[in-house]
Amino acid sequence: MDIRNIAIIAHVDHGKTTMVDRILHQVKLFRDNQEVQDLILDSNDLERERGITILSKNVSVKYKGIKINIIDTPGHSDFGGEVERVLNMADGVLLLVDAFEGPMPQTRFVLQKALQLGLKTIVVINKVDKPNCNPEEVNELVFELMFSLDATDEQLNFPTVYGSSKQGWMGPDWKTPTGDVTWLLDTIIEYFDPPKDNPGTLQLQVSSLDYSSYTGRIAVGRIHRGSIKMGDRVSIVQRNGQVNKSVVKELYLFEGLGKEKIKTEIKSGEIVAIIGLENFDIGDTVADFEEPEALKPITIDEPTMSMLFTINNSPFFGKEGKYVTSSHIRDRLYKETEKNLALRVEETDSPDRLLVYGRGILHLSILIETMRREGYEMQLGQPKVVIKEIDGFKHEPVELLNVNVSEEFSGKVIEIVTKRKGDILNIETKNERINLEFKITARGLIGLTNPILTATEGEAVISHRFKSYEPWKGEIQGKRNGALIAMETGTSIAYSIDKLQDRGKFFIEPNEVIYAGQVIGEGTRYDDLVINVIKTKKLSNMRASGSDEKTSIAPAVKFSLEEAMEYIGEDEYVEVTPKSIRLRKILLSEHDRKKKKNQGVIR
């Protein structure tokens, strides 16, 4: 059967998952009366809430008798581990670009990986219905981008399709809307070659894992050479060269949004899911039983950030979560490393503390948010960047930062970034907005989003991607004012908060239950301050004029998980439970903190 394997690349929120929805509707995958949610592929709750794709997924559609396997990839560079291994399954890529914004930094990251693998590209310029957009100019920018990424002449000779996924059309010209997306499907079939038949002994690289509580781990990959069928005896060649023998108990093909069990032999070029294999990991090769030959293992970018995970030992532990012990947290993290390639877990000197390495704040926070929803409680230390020693010198990760902001705020942004040892590389003006490009250390990026959004009144669009390791840039100045710390455990009282408002801004509302040592606000000075917000008003039977004026309290500052992770200092933890996110000092007692400070050993 004729097959096309394609991956879709796009920046976050350029309409990739919506376009896949349109293709699925076009080929009549659903009954006319079937109710279907939008964003079919973003099946995970977190993906729907944030509007981003985290896990790569496979779907297949049949069009004019040809099967098209579509692989949806994440657009964010924190999930680069997902992207790199998925591109190994594709024969070509659809590069989806917003007609107004043009190619963005994250697109560049994934496109670079695709071009290095020698994949051909179709450029889809989406959202041409936006006012003030310039699709032709965007097409030129895509060409320049691919040229700067050393694309071959064949790759640069790409077809361009214009359209609007939201309105449900794609065509050769952006000025004349068509009725549906058949033009795109025709272009895919004509431009991408079907996979060549590659006879010989079996070679299949495991590109992703699926898990079913009924059958265990499922290996998903593309048959590189040879053929495979149910009941075959195979070898699994691991990264380290070790060979394990196993049996293909069941074999599935992707059909529509699900999988279909297949008993016949499947030839090279098709993407399959195998049940029944033992001892395999992503990147391993499923090969011939007699003469196993391994494919080159997938290389994944190294983690650039680490974070301490520890058990929740605050006074409120176990009140909201189901899983609170260190063995629960350890098991869950190790299970995650099986399918999350860019994640690494390391033991520390204490059994209840684990170091978790990831690709960035977003990568780690998605894991924490998922665990939190599953009922886990834990505490997190301050994120740290991974430092390497190269030729005897300390090197740290450096990122390229892009900030798109209106002209009036550009000076403030430049000031904030340069204070954190950022170097300005490029300034570009486009329609009253300025695109600023910086080179900044990963340390400088931690906690940068909030000050920039505050300074630009929430207008800045910020994105960054890993560049390389460069020599250590020296210390970055202190980031924030001191904390307001609760003196006692109890319920916060509006009267006390009102009287202490001149001390700083609060993170808690009146009548919230707090504990001693919890960080309940940010002070106006540089030093920490312990305050009592549990004091009630002293009642007497004497009346005094003006003693009952009404309190007006500024609304509390509420942090999202990422903001809390970026905000904390080195002597603080974020306490994460299924219902709350609290900040606290590692040492809850004021006496212990003073003792540590006098010894000069604040950890």
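Here, residue 1 is the first one in the sequence, and each next residue gets the next number. All values reported here derive from a predicted model rather than from experimental measurement.
With hydrogens and angles ignored, the 3.5 Å screen pairs no side-chain donor or acceptor of K394 with any backbone N or O of I387. A donor-acceptor distance shorter than 3.5 angstrom exists from the side chain of R420 to the backbone of I446, with no hydrogens or angles considered. A donor-acceptor pair is defined here as one N or O able to donate and one able to accept, closer than 3.5 Å; such a pair exists between the side chain of R4 and the backbone of I189. For S60 (side chain) and F254 (main-chain N/O), a donor-acceptor pair under 3.5 Å exists by modelled atom type. Side-chain N or O atoms of Q205 include one that pairs as donor or acceptor with a backbone N or O of K296 at under 3.5 Å. Between the side chain of T285 and the main chain of L295, a donor-acceptor pair closer than 3.5 Å is present. A donor-acceptor pair under 3.5 Å links the side-chain atoms of H395 to the main chain of F393, judged by distance alone.
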Test side-chain contact (heavy atoms from CB on, under 4.5 Å) applied to F409 and I452, step by step: CA-CA 10 Å; F409 299 123; I452 286 187; over 6 Å; no

Worked check of side-chain contact (heavy atoms from CB on, under 4.5 Å) between T441 and V385: CA-CA 9 Å; T441 66; V385 298; over 6 Å; no

T182/Y63 under side-chain contact (heavy atoms from CB on, under 4.5 Å): CA gap, chis, key distance, verdict: CA-CA 9 Å; T182 46; Y63 177 70; 3.6 Å; yes

Derivation of the salt bridge (charged side-chain N to carboxylate O under 4.0 Å, His left out) call for K64 and D2: CA-CA 10 Å; K64 294 188 175 171; D2 225 352; over 6 Å; no

L436 vs V417, side-chain contact (heavy atoms from CB on, under 4.5 Å): CA-CA, chis, key distance, verdict: CA-CA 11 Å; L436 303 166; V417 177; over 6 Å; no

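A 4.5 Å side-chain heavy-atom check between L202 and V286 finds at least one atom pair inside the cut-off. Here the side chains of P383 and I361 are in contact, with some heavy-atom distance below 4.5 Å. For the pair F438/V403, a side-chain contact is recorded, criterion being any heavy-atom separation below 4.5 Å from C-beta on. Two residues are said to be in side-chain contact when any heavy atoms from C-beta on lie closer than 4.5 Å; D91 and D193 fail this criterion. In this structure the side chain of N139 reaches within 4.5 angstrom of the side chain of Y162, judged on heavy atoms. A 4.5 Å side-chain heavy-atom check between E144 and L141 finds at least one atom pair inside the cut-off. A heavy-atom distance below 4.5 Å is not found between the side chains of T160 and V142. Annotation: side chain of I434 is in contact with side chain of I427 (closest heavy-atom distance under 4.5 Å).
Once rounded to the nearest 0.5 Å, the distance linking CE of M305 with CG of L445 reads 7.5 Å. Taking CG of L111 as the start and CD of Q116 as the end, the distance is 10.0 Å to the nearest 0.5 Å. Between I218 atom CD1 and I274 atom CD1 the span is 11.0 Å, to the nearest 0.5 Å. N157 CG to Q155 CD: the interatomic distance, rounded to the nearest 0.5 Å, is 11.0 Å. A distance of 13.0 Å separates NZ in K120 from CG in L94, rounded to the nearest 0.5 Å. Once rounded to the nearest 0.5 Å, the distance linking CD of E336 with OG1 of T370 reads 7.0 Å.
Summarising the geometry of T121 relative to F192, their closest heavy-atom pair is N-CE2, 4.3 Å, with the distance given to 0.1 Å. Nearest heavy atoms, G358 versus L343: CA-CD1, 4.4 Å. Between I228 and L251, the shortest heavy-atom distance links the atoms O-CD2, 3.7 Å. Closest approach of L145 and S148 over heavy atoms only: O-OG, 2.7 Å. Y252 approaches K261 most closely through the heavy-atom pair CD2-N, 3.4 Å. Of all the heavy atoms in G269 and P195, the pair that sits closest is CA-CB, 3.7 Å.
Paired with M170 under the rule side-chain contact (heavy atoms from CB on, under 4.5 Å), one option of D180, V128, N126 passes, and it is N126.
Between E369 and R372 a salt bridge is recorded (basic side-chain N to carboxylate O distance below 4.0 Å).
In this structure, the side-chain contact (heavy atoms from CB on, under 4.5 Å) partners of R225, at least two apart in sequence or on a different chain, are N198, T201, Q203, E293. The side-chain contact (heavy atoms from CB on, under 4.5 Å) test applied to S468 returns E470, not counting sequence neighbours. Applying the ring pair (Phe, Tyr, Trp, His ring centres under 6.0 Å) rule to F559 yields the partners F507, Y567; only residues at least two apart in sequence or on another chain are considered.
Taking the ring axis of Y469 as reference, the NZ or CZ atom of K388 stays within 45° of it and closer than 6.0 Å to the ring centre. For K127 and F100, the positive end is not near the middle of the six-membered ring at less than 6.0 Å and at most 45° from its axis.
No more than 12 heavy atoms of other residues, nucleotides or ligands lie within 6.0 Å of NZ in K166, so this atom counts as exposed by the packing criterion. Around NZ of K267, the count of heavy atoms belonging to other residues, nucleotides or ligands within 6.0 Å does not exceed 12. Counting non-hydrogen atoms of neighbouring residues, nucleotides and ligands closer than 6.0 angstrom, the NZ atom of K558 exceeds 12 such neighbours.
Side-chain atoms of E270 and N69 form a donor-acceptor pair, as typed in the model, at a separation below 3.5 Å.
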